[in-house]
Chemist: 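I have a structure I would like to understand better, so I am pasting it below and will then ask my questions one at a time.
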Amino acid sequence: MRRIAMAVSAAVVVLAAAGCSSDEAGEQKNGGKAKDPTAAAVEAARVYQEARNDRDWRRICAMQTDRYRDGTVEACVAENSKPTPTPSPSSTGGPDRADTGPVKASSPVPVAAIGEHPAGTGVQVEFTVTWPTSSSTSREALRLVQQGDTWLVDQAEDIFDSDIAHGNPVHDALMRG
């Protein structure tokens, strides 16, 4: 009886390991289920918005499609990194820039091509914006397209309350063009 129990235990361990093993290409077999390919799009959207919040133009430009950034990464960085005139210090002594909270990215939705934008995956990104005396939530819809194994941003649109009221804010915002 003890041998049977040990054999069954060994078989369970082998089967569990086989279900969690990787194939030759390094992809999870995951019990025969394919990984959700758009999970990477959601992560790319979150990382992109964090770069925007940090004003990391090298990372922002590298994560945009050629069409969206309208040129090379280097040209995009140079154009957006130009020094801007510093506003005069406020009389209240407050910061010149708001703090932003952690970025949350939503579940992806398919979006059709419109105008110059190709079909892709829409993701909502959301974060808080905090000034010394107020705070608000910022929501944006990002259109991501897959190029090889990489997800790139091709469009970014603000999500308005009217978009939320219609029930599909990401789709509605990205279809405005």
Side-chain angles (χ1 to χ4, degrees), residues 25-28 30 33-87 96-131 134-177:
E27 295 181 18
Q28 275 304 93
N30 198 18
K33 295 179 184 175
K35 283 174 43 175
D36 178 9
T38 57
V42 173
E43 179 62 11
R46 188 188 62 74
V47 169
Y48 177 81
Q49 187 59 52
E50 285 177 349
R52 288 183 68 188
N53 291 356
D54 294 340
R55 296 183 182 178
D56 181 348
W57 287 106
R58 170 114 356 241
R59 194 163 42 148
I60 294 166
C61 295
M63 294 182 74
Q64 294 175 335
T65 61
D66 292 342
R67 189 207 62 75
Y68 188 50
R69 75 173 166 256
D70 193 27
T72 66
V73 171
E74 292 75 21
C76 174
V77 170
E79 177 65 28
N80 290 290
S81 298
K82 291 178 182 174
T84 55
T86 306
D96 293 330
R97 187 163 187 258
D99 289 328
T100 56
V103 175
K104 298 176 201 168
S106 70
S107 300
V109 296
V111 288
I114 185 169
E116 294 181 355
H117 301 291
T121 298
V123 176
Q124 177 177 317
V125 290
E126 179 178 317
F127 55 95
T128 58
V129 178
T130 305
W131 290 96
S134 67
S135 67
S136 62
T137 299
S138 182
R139 292 177 187 88
E140 203 163 292
L142 301 177
R143 176 188 302 264
L144 291 101
V145 294
Q146 192 170 14
Q147 293 183 356
D149 292 336
T150 304
W151 286 91
L152 300 174
V153 176
D154 192 76
Q155 181 183 9
E157 301 290 339
D158 289 331
I159 294 177
F160 301 119
D161 290 341
S162 59
D163 298 321
I164 294 169
H166 291 129
N168 194 345
V170 173
H171 178 270
D172 291 352
L174 294 173
M175 289 296 111
R176 283 197 299 266

Chemist: If you measure from OH on Y68 to CD1 on I60, what distance do you get to the nearest 0.5 Å?
Modeler: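 Y68 atom OH to I60 atom CD1 measures 10.0 Å (nearest 0.5 Å).
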Chemist: Applying salt bridge (Lys or Arg N to Asp or Glu O under 4.0 Å), can you list everything that pairs with E74, at least two apart in sequence or on another chain?
Modeler: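 So E74 forms no salt bridge (Lys or Arg N to Asp or Glu O under 4.0 Å) with any residue.
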Chemist: Less than 4.0 angstrom from a charged side-chain N to a carboxylate O is my criterion; do R69 and D66 meet it?
Modeler: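 Looking at R69 and D66, the cut-off is met.
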Chemist: Before accepting this row, confirm whether a basic side-chain N of the pair R52/E140 lies closer than 4.0 Å to the acidic partner's carboxylate O.
Modeler: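 A salt bridge links R52 with E140.
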Chemist: Ignoring hydrogens and geometry, is there a side-chain-to-backbone donor-acceptor pair from H117 to D154 under 3.5 Å?
Modeler: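 Flag set: sc H117 to bb D154 pair under 3.5 Å.
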Chemist: Is the shortest heavy-atom distance from the side chain of Q147 to the side chain of T65 under 4.5 Å?
Modeler: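 They are in contact (side-chain heavy atoms under 4.5 Å apart), so the answer is yes.
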Chemist: Look only at the side chain of S106 and the backbone of Q124, and say whether a donor-acceptor pair between them is shorter than 3.5 Å.
Modeler: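 Yes: the side chain of S106 pairs with the backbone of Q124.
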Chemist: How far does CD of Q64 sit from CG of L142, to the nearest 0.5 angstrom?
Modeler: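 Rounded to the nearest 0.5 Å, the CD-CG separation comes to 10.0 Å.
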Chemist: Kindly say whether A112 contributes a backbone atom to a donor-acceptor pair with the side chain of R143 at under 3.5 angstrom?
Modeler: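 Side chain of R143 to backbone of A112: a pair is present.
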Chemist: Would R176 and D163 pass as an ion pair if we require N to O under 4.0 Å?
Modeler: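 Salt bridge: yes.
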Chemist: Please confirm whether the backbone N or O of C76 pairs with a side-chain atom of N80, one donor and one acceptor, at under 3.5 Å?
Modeler: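 Yes, N80 side chain to C76 backbone: donor-acceptor pair under 3.5 Å.
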Chemist: Do the side chains of V145 and W151 get nearer than 4.5 Å, heavy atoms only?
Modeler: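 Contact flag for W151/V145 side chains = no.
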Chemist: Donor-acceptor pair, distance only, cut-off 3.5 Å: does the side chain of T38 make one with the backbone of A41?
Modeler: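 Side chain of T38 to backbone of A41, a donor-acceptor pair under 3.5 Å: no, none is there.
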